[in-house]
Amino acid sequence: MKDAFTRPDAMTTGSAGRTAEWLDHRFFTRAPWVCARELIGCVFEWRGCVGEIVEAEAYAADGDPACHTFSRPSARRFVEQHAPGTSYVYLNYGVHWLFNLLVKGPAGHGFVLFRALEPLAGLETMRSRRRRKNVRELCSGPGRLTQALGINGLDHAKLVLEGPDGGIRRGQETPEVVDCQRIGISKGADLPWRFCKDGAPSLSRPPDRR
DNA sequence: ATGAAGATCCGG
DNA sequence: CGGATCTTCATT
C-alpha cells in the first residue's frame, strides 16, 4: 500500500528481502497531533535495533505552554531553521535524552515526542545498554527508549529518516489508538495529545480513560 | 554570577 | 519519595 508519505526506493529489511517503505519527510508536513497519532503502530528502526511505536505525544509550537518553543527562543529558532522530519534531541533533568521529530504543517508546527516502543529486534543490545533484562523495562519511557537505542545529543538536528542510521515504516496492522492527556508536564496537561496503542505491554504508563 | 525549572528514571 | 546532573533562560 503505497501513498504520498512513503518512499519505496531504499533498503530492504531483515524479513525475506521485502522492500521497506520508509516514511518520507512529507509525512511530517501535517499537524503534530495527526503525525503523532499516525505514528502509533509504525516501526522505528535505528542502528540495528527495531521497535514498534506504541506511545507518542504531540507538542504545538504555537500556543502550547508545554512546548519548548513557548519559553525558549532557541527552540523557536530551531523550528524556523530546520525541515520537517528533523530530530530534536535534548537532555532532560541533566540525565535523560528525549527524542522528538520536527513537524511543520499548514495548520501549525510542532514536535512529536517518542514515548515508548515495543521492542522487536536488537533486544540483546538494548538489554546491555539499559542494564535490564526484562523486555518491559527496555523502551517503556521516553528516556528509556533513547538509552536502549543509543540515541544522544549527537543525534540532534539530523534528518534521521534519510540517513543510514534508521527509518520509520508503517506496520502491518493498524492498531487501536487511545487518545489521552499528556503526562509529565505541569502546563498544558489538559490537551489530549498523548496517543497509545491499546493494550501494548511497553507503555510508559497505562492510558487514563476518561 | 546565580538561581530556577524541567516532556525522567531509579533506588530506598 | 528524593536525588541525580545539565541546559536554557531570566534576573541580578
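Proteins come first, then strands; the chains are lettered A, B, ... in the order of their sequence lines, and each starts at number 1.
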**Item:** Aromatic ring proximity A/Y90/A/H68, centre distance under 6.0 Å
**Value:**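 Yes.
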
**Base-pairing assignment for B/dA7 (Watson-Crick or G-U wobble, both under 3.5 Å)** =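 B/dA7 is unpaired by these criteria.
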
**Message:** Can you tell me the base-pairing partner of B/dA1? Count Watson-Crick or G-U wobble geometry only, both distances below 3.5 Å, and say none if there is no partner.
**Reply:**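 Per the H-bond distance test, C/dT11.
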
Rounded to whole angstroms, how far apart are [atom1] on [X] and [atom2] on [N]?
X      : N      : atom1 : atom2 : result
A/I183 : B/dG6  : CD1   : P     : 16 Å
A/L98  : B/dC9  : CG    : P     : 7 Å
A/I151 : B/dT8  : CD1   : C1'   : 16 Å
A/L145 : B/dC9  : CG    : P     : 8 Å
A/N92  : B/dC9  : CG    : P     : 9 Å
A/E137 : B/dG11 : CD    : C1'   : 12 Å
A/I185 : B/dT8  : CD1   : C1'   : 13 Å
A/L138 : B/dC9  : CG    : C1'   : 14 Å

Counting just side-chain N and O atoms, does [X] come under 4.0 Å of either OP1 or OP2 of [N]?
X      : N     : answer
A/S71  : C/dT8 : no
A/R72  : B/dA5 : no
A/H68  : B/dA7 : yes
A/R76  : C/dT8 : no
A/S186 : B/dA5 : no

**Message:** Between A/K187 and A/R144, which residue's closest nucleotide on DNA chain B lies nearer the 5′ terminus?
**Reply:**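 The residue whose closest nucleotide sits nearer the 5' end is A/K187.
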
**Prompt:** To the side chain of A/H96, which of C/dT5, B/dA7, B/dC9 is closest?
**Reply:**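 Selected nucleotide (nearest to the side chain): B/dC9.
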
**Message:** So, applying salt bridge (Lys or Arg N to Asp or Glu O under 4.0 Å) with A/K197, which one of A/E118, A/E55, A/E52 is it?
**Reply:**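 Filter result, single survivor: A/E52.
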
**Donor-acceptor side-chain pairing of A/Q147 and A/R129 below 3.5 angstrom** =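 No.
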
**Asked** Between A/S204 and A/R115, is any side-chain donor less than 3.5 angstrom from a side-chain acceptor?
**Response**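 A/S204 vs A/R115: donor-acceptor pair found between side chains.
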
**Asked** Is the closest basic N to carboxylate O distance between A/E80 and A/R77 below 4.0 Å?
**Response**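 Salt bridge between A/E80 and A/R77, a charged N being under 4.0 Å from a carboxylate O: no.
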
**Test: A/D208 and A/R182 ion pair at under 4.0 Å** =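 No salt bridge links A/D208 with A/R182.
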
Under 4.0 Å, heavy atoms only, any strand: does [X] hit a base, just the sugar-phosphate, or nothing?
X      : value
A/L113 : base
A/R115 : sugar-phosphate
A/R130 : sugar-phosphate
A/R132 : sugar-phosphate

**Request:** Output yes if the stacking criterion (under 5.5 Å between centres, under 30° between planes) is met for A/Y59 over the base of B/dA7, else no.
**Result:**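 So A/Y59 counts as stacking on the base.
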
